[in-house]
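Below: one structure, written as structure tokens.
Convention: sequence-line order gives letters A, B, ...; per-chain numbering from 1.
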Number of protein chains: 2
Amino acid sequence: MEKFIPITDLINDNNATKEPPLQSTFEKYEKKFKALADQKRLHILNLLCQQDSSCVCDLSELIDMPQSKLSYHLKILLDANLIQKETKGTWSYYTVNTKEINHLLSPELCCLFRPSNCC
Amino acid sequence: MEKFIPITDLINDNNATKEPPLQSTFEKYEKKFKALADQKRLHILNLLCQQDSSCVCDLSELIDMPQSKLSYHLKILLDANLIQKETKGTWSYYTVNTKEINHLLSPELCCLFRPSNCC
DNA sequence: AGTTTAAATCAATTTTTTTTGATAAATAAA
DNA sequence: TTTATTTATCAAAAAAAATTGATTTAAACT
């Protein structure tokens, strides 16, 4: 059989390989998707958007996860800018960064990780 | 300082921990986000949606990646249902699963991984 | 002041993912 | 029919991420 050559290959000029700004775009989204690529963190996000604010010790009970483990996962979400932290005294309160989530995910999916009013 | 207790905590009943269907939802999306959580795979997706169809050997040149490595990453995308495969003779042609991408990602982001007409 | 609590961080271990080069299966081309 | 090409898969090694329990820091209580 003869190799099939799509029309677009004949039309497009192959500048596809040199994309200087795309590289850093991919890095940015890699980080964000890495943060989402874990059941536990998806669960955390889902819980966070049901409370409008939760401290680590409460979340730890809710999700039944040791504190150091939870802090580790919260940090990953925080570094990806998917959640935000506010410290009051010794407590750290975390909230979903709705704006960022909306920018990243489809409306259907956002509902899973967005305050309960939506869906 | 006294511990701050958000109003929603006083209102919501704490059924948050027992979510039998949510568990499998998280599993499903974990897999999809894992597939997206890699620069190389994002690059592959981006290239794939510029061609409407590419075989492994062409992609391998375009992205400058050894064949076995590329096949490995294509399989991860395929298993997550983010791309589709069609075999013609010895060649495998891959295309972006636009429907799935649209369901998952925001319109802004979809543009990065969707045929060039959009943005 | 002394004790307790909340949360972040650390180092060591375990688990998962990725890379690499080789091989196998199937088709194409000579 | 032989040879070359395309792609998937395999096993071993390397790299990255997650888990665990302990420690540290800081603030809150008594």
Per A:K40 side chain, nearest of listed nucleotides D:dA18, D:dA28, C:dT18: D:dA18
Heavy atoms under 4.0 Å, any strand shown: does B:T87 hit a base, just sugar-phosphate, or nothing? nothing
Verify the contact: side-chain N or O of A:H73 to OP1 or OP2 of D:dT19, cut-off strictly under 4.0 Å; return yes or no. yes
Quick one: A:D64 CG to D:dT19 P, roughly how many Å, whole number? 13 Å
Taking only N and O in the side chain of A:K75, is any of them less than 4.0 Å away from OP1 or OP2 of C:dA8? no
A:H73 and A:D38 have their tightest heavy-atom pair at CE1-OD2, 4.2 Å
Would you indicate, yes or no, if D:dA27 has its OP1 or OP2 atom less than 4.0 angstrom from a side-chain nitrogen or oxygen of A:K88? no
Tell me the bend of the helix from C:dA1-D:dT30 to C:dA30-D:dT1 as the angle between end helix axes, each from five pairs, rounded to the nearest 10 degrees. 20°
Residue B:C55, side-chain atoms from C-beta onward, closest of D:dT7, C:dA7, C:dT18: D:dT7
Please tell me which of the listed nucleotides, D:dT19, D:dA18, C:dG21, lies nearest to the side chain of B:S68? C:dG21
Taking 4.0 Å as the cut-off, does a side-chain nitrogen or oxygen of A:K85 come that near to OP1 or OP2 on C:dA8? yes
Within the structure shown, what part of the strands sits under 4.0 Å from A:I76 by heavy-atom distance: base, sugar-phosphate, or nothing? sugar-phosphate
Please give, in whole Å, the distance from D:dA16 P to A:E27 CD? 14 Å
Select one nucleotide: of C:dA7, D:dA22, D:dA26, the one nearest the side-chain heavy atoms of A:V56. C:dA7
Could you check A:I63, A:L47, A:T95, A:L59 and say which one makes a side-chain contact (heavy atoms from CB on, under 4.5 Å) with A:S54? A:L59
Closest approach to the side chain of B:S71, judged atom by atom: which nucleotide of D:dT9, C:dA8, C:dT18 is it? D:dT9
Atom OH of B:Y93 and atom P of D:dT7: how far apart are they, to the nearest Å? 7 Å
From CG of A:L42 across to P of D:dA18 the rounded distance in Å is 12 Å
Within the structure, does a side-chain N or O atom of B:K69 lie under 4.0 Å from either OP1 or OP2 of C:dG21? no
Is the distance from OP1 or OP2 of D:dA8 to the nearest side-chain N or O of B:S92 less than 4.0 Å? yes
Would you tell me if any nitrogen or oxygen in the side chain of B:K34 comes within less than 4.0 Å of OP1 or OP2 on C:dT17? yes
Take the protein atom CD1 of A:I44 and the nucleotide atom C1' of D:dA18, then report the distance between them rounded to whole Å. 12 Å
Round to a whole Å and report the spacing from CD of A:E61 to P of C:dA7. 11 Å
Between D:dT23 (P) and A:Q67 (CD): distance, integer Å: 15 Å
Spacing between A:D79 atom CG and D:dA18 atom P, to the nearest angstrom: 12 Å
Quick check for you: among D:dA18, D:dT9, C:dT18, whose closest atom lies nearest to any side-chain atom of A:Y72? D:dA18
What's the closest nucleotide to the side chain of B:T90 if the choices are C:dA28, C:dT19, D:dA8? C:dA28
